[in-house]
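Worksheet for the structure shown next.
Computed from a predicted model, the values in this text were never measured in an experiment. Lettering of chains follows the sequences in order, A, B, ..., and the numbering in each one begins at 1.
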Number of protein chains: 2
Amino acid sequence: MSKIAKKEPLCEEIAGKGCSLKKVLDIIGGKWKIMILCVIDYNEVVRYGQLNRAVDGITNTMLANSLKELEADGLVERKQYDEMPVRVEYNLTPKAKSLIPILLELKKWGEENL
Amino acid sequence: MSKIAKKEPLCEEIAGKGCSLKKVLDIIGGKWKIMILCVIDYNEVVRYGQLNRAVDGITNTMLANSLKELEADGLVERKQYDEMPVRVEYNLTPKAKSLIPILLELKKWGEENL
DNA sequence: CGGAATCCGCTATGATACTG
DNA sequence: CAGTATCATAGCGGATTCCG
């Protein structure tokens with residue numbers, strides 16, 4: 001069979017497992033992450049408790065989990081100051097900041113189309 | 001209202017329930033919708049079976065559900081031709097088409113940052 | 001061919017309590 | 001203050017079968 005095994009005119013790059021769009025959604029998907037990113041961006045620097053009060057309805061479990069994942073994915077930076085009581089601050093990495101404009105476009109699209 | 005009752009320097013518009021960014025994610029979130037949109041966009045017009053084969057790993061249940069929701073949200077158009085056997089074609093609405101460039105930016109961001 | 005109807009497991013999410 | 005540790009649950013997503 002000299003045939004290239006593409007039965008359909010559809011590309012793996014678009015719909016396949018490796019699609020980078022899918023990866024992006026894996027990272028910023030879920031129920032809370034985008035809102036967390038936006039709140040940090042809006043405030044530049046935020047403390048844990050601030051986020052907890054700011055993101056409407058989030059629980060400790062989800063906030064802690066989301067922050068850990070965002071940090072692991074290089075979107076959020078965590079700084080801990082060992083004062084008493086402990087103070088922890090979060091801010092966006094440059095990588096995350098470069099994502100914000102796109103999210104704002106998405107938001108704008110939502111306002112115009114929903 | 002002389003007073004804006006905000007205990008935190010964080011805005012409801014960003015993190016609250018009404019945030020349009022959240023709404024967008026509700027519509028195109030989930031595991032398959034973005035890929036479905038991209039495949040339809042890439043092909044202009046697609047049949048159900050094509051989508052089923054093109055979107056890697058999707059099941060009937062999810063494809064049918066996703067398409068119904070996308071149609072209800074005004075992102076895809078369904079055309080049924082009562083031939084024998086039945087033929088059904090899907091294409092993007094203008095609204096969805098205006099979303100594609102943003103998704104491509106997101107994809108580009110993913111390629112550069114992940 | 002293009003779905004609908006069932007049934008079901010898993011994982012994301014959540015409530016609550018507790019700790020360094 | 002900034003989280004962990006448990007335990008519980010809902011609903012998303014999946015496998016299979018059936019239908020016009």
Side-chain angles (χ1 to χ4, degrees), chain A residues 7-8 10 15-17 19 22-37 39-40 43 45-73 76-91, chain B residues 7-10 15 17 22-23 25-37 39-40 43 45-73 76-91:
Chain A
K7 296 154 203 147
E8 302 293 332
L10 305 159
K17 300 178 198 291
C19 172
K22 242 192 126 177
K23 292 187 200 163
V24 173
L25 268 272
D26 282 348
I27 287 186
I28 62 170
K31 197 169 176 181
W32 304 107
K33 287 184 183 172
I34 284 200
M35 290 195 297
I36 293 173
L37 289 177
V39 170
I40 301 181
N43 291 269
V45 172
V46 252
R47 300 181 58 173
Y48 182 92
Q50 264 186 302
L51 277 170
N52 207 356
R53 272 167 280 131
V55 181
D56 187 51
I58 199 170
T59 60
N60 260 332
T61 318
M62 291 314 297
L63 180 54
N65 284 349
S66 302
L67 284 172
K68 254 191 286 189
E69 290 175 21
L70 287 171
E71 197 192 353
D73 291 328
V76 163
E77 217 170 54
R78 195 190 105 112
K79 284 177 193 158
Q80 177 168 343
Y81 302 91
D82 288 325
E83 309 164 346
M84 191 54 185
V86 188
R87 179 164 57 106
V88 175
E89 290 181 350
Y90 292 92
N91 62 278
Chain B
K7 296 159 203 142
E8 301 293 330
L10 304 161
K17 299 177 198 293
K22 241 191 127 178
K23 292 187 199 163
L25 266 274
D26 281 349
I27 287 186
I28 63 169
K31 196 168 175 180
W32 304 106
K33 288 184 183 172
I34 284 200
M35 291 195 296
I36 294 172
L37 289 177
V39 170
I40 302 181
N43 291 269
V45 173
V46 254
R47 300 182 57 174
Y48 182 91
Q50 264 186 303
L51 278 170
N52 207 355
R53 272 166 281 130
V55 181
D56 187 50
I58 198 170
T59 61
N60 256 332
T61 317
M62 292 314 296
L63 181 54
N65 285 349
S66 302
L67 284 172
K68 252 192 289 187
E69 291 176 21
L70 287 171
E71 197 192 352
D73 290 329
V76 307
E77 217 170 54
R78 194 190 108 111
K79 285 176 191 156
Q80 176 167 345
Y81 303 89
D82 287 326
E83 308 166 347
M84 191 55 184
V86 188
R87 180 165 55 108
V88 177
E89 290 182 350
Y90 293 92
N91 62 278

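For the pair A/R78 and D/dG3, the criterion of a side-chain N or O lying under 4.0 Å from OP1 or OP2 is met. Remark: B/K68 is not in phosphate contact with C/dG3, judged by side-chain N or O atoms under 4.0 Å from OP1 or OP2. OP1 or OP2 of C/dG2 has not a single side-chain nitrogen or oxygen of B/R87 nearer than 4.0 Å.
Proximity note for B/T59 (side chain, C-beta onward) versus D/dG14, C/dG3, D/dG20: the nearest is D/dG14. Listed nucleotides C/dG3, D/dG13, D/dT4 differ in distance to A/A64; the shortest reach to its side chain belongs to D/dT4.
In this entry the distance linking CG of A/D26 with C1' of C/dA12 reads 13 Å, nearest Å. The distance from atom CG of B/N60 to atom C1' of D/dT16 is 10 Å, rounded to the nearest whole Å. When the C1' atom of C/dA12 is taken as reference, atom CG of A/L63 falls 16 Å away, rounded to whole Å. A straight line from CZ of A/R53 to P of D/dG3 spans 13 Å, rounded to a whole angstrom. One can place CG of A/N52 at 13 Å from P of D/dT4, the figure rounded to the nearest angstrom. Going from atom NZ of A/K79 over to atom C1' of D/dC1 covers 19 Å, rounded to whole Å. Here D/dG3 presents its P atom at 11 Å from CG of A/D82, a figure rounded to the nearest Å. The distance between atom CG of A/L67 and atom P of D/dC1, rounded to the nearest whole Å, is 17 Å.
Interatomic distance, B/D26 CG to A/K31 NZ, rounded to the nearest 0.5 Å: 9.5 Å. For the atom pair OH of A/Y90 and CD of A/Q50, the computed distance is 12.5 Å after rounding to the nearest 0.5 Å. Taken to the nearest 0.5 Å, the NZ atom of B/K33 stands 8.0 Å off from the CE atom of B/M62. Once rounded to the nearest 0.5 Å, the distance linking CG of B/L67 with CG of B/N52 reads 9.5 Å. Between B/Y48 atom OH and B/R78 atom CZ the span is 10.5 Å, to the nearest 0.5 Å.
Backbone-only engagement by B/Y90 is indicated by non-hydrogen atom pairs under 4.0 Å involving sugar-phosphate atoms exclusively.
Comparing A/V88 and B/T61 by the nucleotide of DNA chain D that holds the closest heavy atom to each, the one mapping nearer the 5' end is A/V88. Across the interface with DNA chain C, nearest-nucleotide mapping of B/Q80 and A/M62 shows B/Q80 to be the residue nearer the 5′ end.
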